[in-house]
Trainee: 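Mind looking over this structure? Questions follow.
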Amino acid sequence: MSRRVVVAALLFLVPAADTLLPGSPVLPPGARDLWPGDAVVSRGRRSTVVGHDHGGAGGETGAGGVKLDDVARRADVAGLRVSAVLGRPVRPLIVVPDSAAEAARLAGVARLDGLAAVADGGRVILVPELFASLNPTGKNVVLAHELTHVVAGTDRLPVWLYEGFADYVGYRDAGLPVATAAAELAAEVRAGRLPSALPGPDAFAADGRDPDRLARAYQAAWLACRFLADRFGERTLVRLYREAQAAGVDRALASLGLSVATLTARWRAYVRDQLA
């Protein structure tokens with residue numbers, strides 16, 4: 001649910017105000033000059049949410065029924081969840097555009113089909129139509145997932161690792177059964193179609209052509225990271241992630257006595273055990 005140009009989290013505080021000019025120096029960098037009109041700002045204890053000014057208060061209902069103050073509350077909780085895993089402070093910046101097309105424009109991509117949000121620089125951009133359609137658990141998972149990208153980064157990592165790790169953090173405290181969170185992949189496994197390889201970049205293409213394929217890619221990546229956490233512990237998973245960024249995934253896996261091939265074999269068995 002993210003682009004690969006994610007960098008470290010922005011650490012900032014925004015002064016108390018409801019409506020601020022987009023070019024104002026008191027807005028964080030990722031929220032400046034978004035729109036020609038005024039921007040509405042809603043703040044949680046740690047989070048800042050910026051949306052269009054539709055003439056109401058900061059908690060007004062925006063595009064797709066997204067309430068800025070509700071997003072701020074959820075972002076506060078999601079930030080704490082990310083911080084609990086990564087051990088770093090998180091002060092989320094969330095941008096709420098008016099449409100999926102505007103979200104894609106802000107993120108600098110052609111399309112965001114099938115995605116509820118995208119991490120872009122030090123901010124998370126919501127895709128309002130899809131984000132609003134999620135249930136409360138889904139919204140919380142999405143925000144924690146994207147904030148993980150913002151804080152942890154994705155440089156030098158295979159897509160299965162950074163997407164799977166973000167979903168690991170997102171689902172960590174969600175309370176969902178594995179078969180529920182991975183429903184599309186579970187249907188494939190029960191039909192006798194066990195994935196043969198960890199998902200690559202093509203599997204994560206957000207082009208709208210095959211939503212189930214996209215869902216299965218995230219689920220497969222999540223279960224790879226969940227396997228690593230179950231087998232070696234969460235701290236080891238975090239350490240592997242950082243070592244992979246510094247020295248490459250092959251060297252990081254080797255520190256656990258694994259290669260991509262051996263991990264793939266064990267992950268396939270884990271997927272079968274969890275979902276069959």
Side-chain angles (χ1 to χ4, degrees), residues 1-12 14 20-25 27-41 47-53 62-64 66 68 71 75 78 82 90-132 134 139 142-163 165-167 170 199-211 213-214 217-218 221 245:
M1 298 182 189
S2 71
R3 297 174 63 208
R4 301 186 65 180
V5 294
V6 184
V7 296
L10 295 174
L11 303 179
F12 52 76
V14 176
L20 300 169
L21 292 174
S24 170
L27 279 173
R32 296 176 193 167
D33 302 315
L34 289 171
W35 305 292
D38 291 348
V40 177
V41 179
S47 61
T48 301
V49 181
V50 184
H52 283 276
D53 181 8
V66 177
L68 304 190
V71 174
V82 175
V90 181
R91 295 192 181 278
L93 170 60
I94 314 295
V95 175
V96 184
D98 264 352
S99 66
E102 185 176 54
R105 179 181 63 78
L106 290 174
V109 298
R111 305 173 68 171
L112 290 171
D113 296 343
L115 301 185
V118 59
D120 174 67
R123 64 191 181 182
V124 173
I125 301 172
L126 300 190
V127 180
E129 299 93 333
L130 187 50
F131 186 84
L134 299 175
K139 292 175 181 177
V142 164
L143 288 170
H145 176 112
E146 298 304 337
L147 288 172
T148 299
H149 287 314
V150 169
V151 178
T154 62
D155 290 345
R156 302 187 65 185
L157 297 175
V159 63
W160 68 263
L161 181 52
Y162 66 75
E163 294 295 3
F165 182 72
D167 259 2
D202 290 346
F204 290 93
D207 53 19
R209 291 183 296 180
D210 188 351
R213 180 264 304 156
L214 184 61
Y218 280 104
Q245 287 178 308

Trainee: Roughly how far, to the nearest 0.5 Å, is OG1 of Thr148 from OH of Tyr162?
Mentor: 14.0 Å
Trainee: With side-chain contact (heavy atoms from CB on, under 4.5 Å) as the test, pick out the partner of Leu93 among Leu147, Val150, Val50.
Mentor: Val50
Trainee: Identify the heavy atoms of Val142 and Ala117 that sit nearest to each other, and give their distance.
Mentor: CG1-CB, 3.6 Å
Trainee: Looking at every heavy atom in both Leu134 and Lys139, which two are closest together, and how far apart are they?
Mentor: O-CE, 3.3 Å
Trainee: Does the pair His149 and Thr154 meet the rule for a side-chain contact (heavy atoms from CB on, under 4.5 Å), with working shown?
Mentor: CA-CA 7 Å; His149 287 314; Thr154 62; 3.7 Å; yes
Trainee: Judged by atom type as modelled, is there a donor-acceptor pair below 3.5 Å linking the side chain of Arg213 to the main-chain atoms of Ala203?
Mentor: yes
Trainee: Which atoms form the tightest heavy-atom contact between Arg123 and Leu106, and what is the distance?
Mentor: NH2-O, 3.2 Å
Trainee: Run the side-chain contact (heavy atoms from CB on, under 4.5 Å) check on Phe131 and Val71 step by step: do they pass?
Mentor: CA-CA 10 Å; Phe131 186 84; Val71 174; 4.1 Å; yes
Trainee: Testing the basics here: between Ile94 and Ala75, what is the closest heavy-atom pair and its distance to 0.1 Å?
Mentor: CG1-CB, 4.1 Å
Trainee: What residues form a side chain to side chain contact (heavy atoms under 4.5 Å, CB included) with Ala103, not counting sequence neighbours?
Mentor: Pro97, Leu112, Ile125, Val127
Trainee: Roughly how far, to the nearest 0.5 Å, is the CG atom of Asp113 from the CG atom of Leu214?
Mentor: 9.5 Å
Trainee: Restricting to non-hydrogen atoms, name the atom on Ala217 and the atom on Pro199 that form the minimum distance, rounded to 0.1 Å.
Mentor: O-CG, 3.6 Å
Trainee: Hey, could you give me the CG/CZ distance between Leu161 and Arg156, rounded to the nearest 0.5 Å?
Mentor: 13.0 Å
Trainee: Ala104 and Ala110: which non-hydrogen atoms are nearest, and at how many Å?
Mentor: CB-O, 4.0 Å
Trainee: Would you say the side-chain atoms of Glu163 pair up with the backbone N or O of Tyr218, donor to acceptor, closer than 3.5 Å?
Mentor: no
Trainee: Spell out, as yes or no, whether a donor-acceptor pair under 3.5 Å connects the side chain of Gln245 to the backbone of Ala152.
Mentor: yes
Trainee: Passes side-chain contact (heavy atoms from CB on, under 4.5 Å), Leu143 versus Leu126? Steps please.
Mentor: CA-CA 9 Å; Leu143 288 170; Leu126 300 190; 4.1 Å; yes
